[in-house]
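Worksheet for the structure shown next.
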Amino acid sequence: MSAYTNGARIQSHHTVVAIVENKPGVLMRVASLFRRRGFNIESLTVGHSEEEGLSRLTLVVDGESAPVEQVEKQLYKLIDVVKVSDLSHEDMLARELAMIKVRCNNVNRHELLDIANVFRADVVDIATNSVILQVVGDESKIDGLTKMCEPYGIKEIARTGRVAMVRGAKTTTVHEAEPEKIARIHASQGRRVEGALPFSSD
Amino acid sequence: MARMTGAQMTLDSLQREGVDTIFGYPGGVVLPLYDTLPQFPGIRHVLCRHEQGAAHMADGYARASGRMGVCLGTSGPGATNLVTGICTSWMDSTPVFALTGNVARTLLGKDGFQEADITGITQPITKHNYLVMNAREIPLTIREAVHIATTGRPGPVLVDIPKDVFQETDEFDWPEQVRLRGYKPTVEGHAGMIKRAAELIDQAKRPIVIAGHGVIWADAHRELIEFAEKAGVPVITTFLGIGAFPESHPLSYGWLGMHGMYYANMAADGADVVIGIGMRFDDRAMGRFKDFNPTAKIVHIDIDPAEIGKNFPTAVPIVGSAKNVLPKLTEQVKQQPRKEWVRWIDQVREEHPSRDVRESRHMLPQYVMRTLYDETSGDATIVTGVGQHQMWAGQHYFYKRPRQLITSGGLGTMGFELPAAIGAQIAVPGQETWAICGDGSFQMTLQEMAVLVDEQLPIKMAIFNNGYLGMIRQWQQLFYDQNYSSCGISQPDFCKLADAYGIRAIRVETKAEVPLAIREARAHKGPILLDFQIDQEENVWPMVPAGAALSETIEAPEAELAR
């Protein structure tokens, strides 16, 4: 199997984007749901969205373990989940970032940098017997670079998991602002209080 | 805006939401709340003897009245004791509001005395839960929690409040509205899908309705009668759906499932269109999934989209409330008597009656239940525990109204009967309420008898006493080679125990005494316990063995009938 033909594995995976309230515990609710229903998560990425108070979660789900329709419906049942979109059948861009720390020396460094060049990976750190390559792309590209680096000795890999977006004007976002008063309370709901509190243990 | 403590805000908010009763138990961190309680005379506090009891009481209150039940426990063990009750509500989708205290904010996450991460613990068994970190969040949080518990598919919610938040003073700001971006239940039903369903039903030769708990919670039993009568569709219910359709109705064919009526199981298996309404095609109801009526087309009406297509492929999915969907469906279906299909089920029922009580000189549990039905003219509210007695209560009483049978179907929680009956009686005070107890099930929560005395509740407890964990014994007899392992259960003298609580009790030892004892219990003004010494080795029939299909329903073997 060449490094680039992991197609079958990728295809049985679904990319699901969930827009969720940025509240404490929301990640645990999502993770707990997947554990409870026996859905396997291939990767999970969270970050801020364009809307204040909402986070964007990108899940890659093993389609064998989970009918994607059930995944969507169960996610929707969580009160903190505002919108769920299955991007698998959309024309989407899917990207992942990886940092790969590879063993190398004066003799083979050039060769390794040539490979990095082919994959358009950046060299973000260099030392006498290692380099860190940073690469952005879909999973198969990262898998490909990883495979090419293996003969040199991979010391460490850090991958972000997939983020995805539909091409063109269509979006998977939510634009539903809350009244300010409610938004203010929602923003503090369940969060630790700033400043010192009186100590009470009775 | 008034300034209030967190405790005042909590009780004020609950009162604004129409709460009149809290089932609870005090503890260290909820002391500020208990300190404030006398300021709210409109809220009655019922002191349980174990928080599990409080959760079941709140559940029974909700199931009997349709209104949200509220239970309260302290942090740590108080909160964890609620868990079984919360999960019982979760599995059966009942609106219960669980309020817990927690350690002060400075101690959260430090493993302080009586700290438990109750929001973490209850996350998978609540519709939603909250940890409130500021007193000013309390009004909005309670409004949201009540809204979530009582709308859409109902369910339990939990609100956890640290002790110093109860004590904190802030402005009380009651929100005019609840706005949750991530929670908008669909109730109307898609017009196109309803049309497709009507067409499918019109073409069907052998349609059947399977009505569930959702019909009761949508308050749609009248709408169901109108639909069934117009479309001429026979109706069976799930176990929790008992009462969703009057069992005296000519189109009523009992309930299906593991111990359902033989003819109900056969009708479900023989139908060409199955119309599931407010039910979730659970394994106890449907038998082995892959062999349930493989040719039937399924129309599934449910308010929870995640239930549709979960266990079976659905021909016509309709997400919505039965209350909204059924009238539209009734309007569109053709009037059809479907005599041939009804006659077929009638004939199966004639040959396999399932609900007959056979003649015997023994005190059969079926006979006790049927006598109770006759003596109460079928009007009593029946609350059960879990086990054989639960199934006999479903089979040998005929239910005519929604909320008449209160039982833990999904989770199957033993010990549910007494506390749930207490909640039911408090919610609907004038209603004759019978707790049908197993001698094993009763022993799990019998401490709540103290509440009967405290609150002077005229609940009638009927213990179906066979000295066994009867359903365990039945399974060990049938499927484990009669290897009776830990199924015999010793017991206190229930009558003496009741007496010690100050509750009247009668031991009923012969068949002839059964009607007399029931009459005496009904005439007695206060609580009373009847200890029926029923036949020890009676089994529940019919039965779909675990893992079998509905078409493989077996009935009582000849040898057993001879006893």
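Chain letters run A, B, ... following the sequence lines, proteins first, then strands; residues in each count from 1.
- In B:R3, the CZ atom is crowded: over 12 heavy atoms of neighbouring residues, nucleotides or ligands sit closer than 6.0 Å.
- Using a 4.5 Å cut-off between heavy atoms, A:Q189 touches chain B through backbone and side chain atoms alike.
- Here the side chain of B:Q123 pairs no donor or acceptor atom with the backbone of A:M28 at under 3.5 angstrom.
- For CE of A:M92, the number of neighbouring non-hydrogen atoms (other residues, nucleotides, ligands) closer than 6.0 Å is greater than 12.
- Nearest heavy atoms, B:E137 versus A:S188: OE2-O, 3.0 Å.
- Across every non-hydrogen atom of A:I79 and B:K127, the tightest pair is CG1-O, 3.7 Å.
- By the 6.0 Å contact criterion, NZ on B:K184 is enclosed, its count of non-hydrogen atoms from other residues, nucleotides or ligands being greater than 12.
- The candidate from B:E307, B:H128, B:Q177 with the greatest count of non-hydrogen atom pairs under 4.5 Å with chain A is B:H128.
- Of the two parts of B:E176, only the side chain, counted from C-beta on, holds a non-hydrogen atom closer than 4.5 Å to a non-hydrogen atom of chain A.
- No more than 12 heavy atoms of other residues, nucleotides or ligands sit less than 6.0 Å from atom NZ of B:K297.
- Surrounding CZ of A:F34 are more than 12 heavy atoms belonging to other residues, nucleotides or ligands, all under 6.0 Å away.
- A distance of 14.0 Å separates OH in A:Y76 from CG in B:D304, rounded to the nearest 0.5 Å.
- Heavy-atom neighbours of A:R159 CZ from other residues, nucleotides or ligands within 6.0 Å: above the threshold of 12.
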query: Please walk me through it: do A:I19 and B:R181 pass side-chain contact (heavy atoms from CB on, under 4.5 Å)?
result: CA-CA 10 Å; A:I19 305 295; B:R181 288 183 284 202; over 6 Å; no
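- Contacts of A:A177 with chain B are made by backbone atoms alone, with heavy-atom separations under 4.5 Å and no side-chain atom involved.
- Residues B:A306 and A:K77 come closest through the heavy atom pair CB-CD, 3.6 Å.
- Within a 6.0 Å sphere centred on NE2 of B:H147, heavy atoms belonging to other residues, nucleotides or ligands number more than 12.
- Heavy-atom pairs under 4.5 Å with chain B peak, among A:K23, A:E21, A:K83, A:R35, at A:E21.
- For B:M193, the CE atom sits in a packed shell: over 12 heavy atoms of surrounding residues, nucleotides or ligands are nearer than 6.0 Å.
- Contact annotation for B:I308: both backbone and side-chain heavy atoms come within less than 4.5 Å of a heavy atom of chain A.
- With values rounded to the nearest 0.5 angstrom, B:N134 atom CG is found 11.5 Å from A:R192 atom CZ.
- With a threshold of 4.5 angstrom between heavy atoms, A:R191 approaches chain B through N, CA, C or O but not through any side-chain atom.
- Ion pairing of B:R179 with A:E176 is present here, as a side-chain N (NZ or NE/NH1/NH2) and a carboxylate O approach within less than 4.0 Å.
- The most heavy-atom pairs under 4.5 Å with chain A, out of B:E144, B:E168, B:R136, come from B:E144.
- Here A:K181 pairs with B:D173 in a salt bridge; the nearest charged N to carboxylate O distance falls below 4.0 Å.
- In terms of heavy-atom pairs under 4.5 angstrom with chain B, the leader among A:R184, A:R36, A:Q74 is A:Q74.
- In this structure, chain B has a heavy atom under 4.5 Å from the side chain of A:E69, while its backbone stays farther away.
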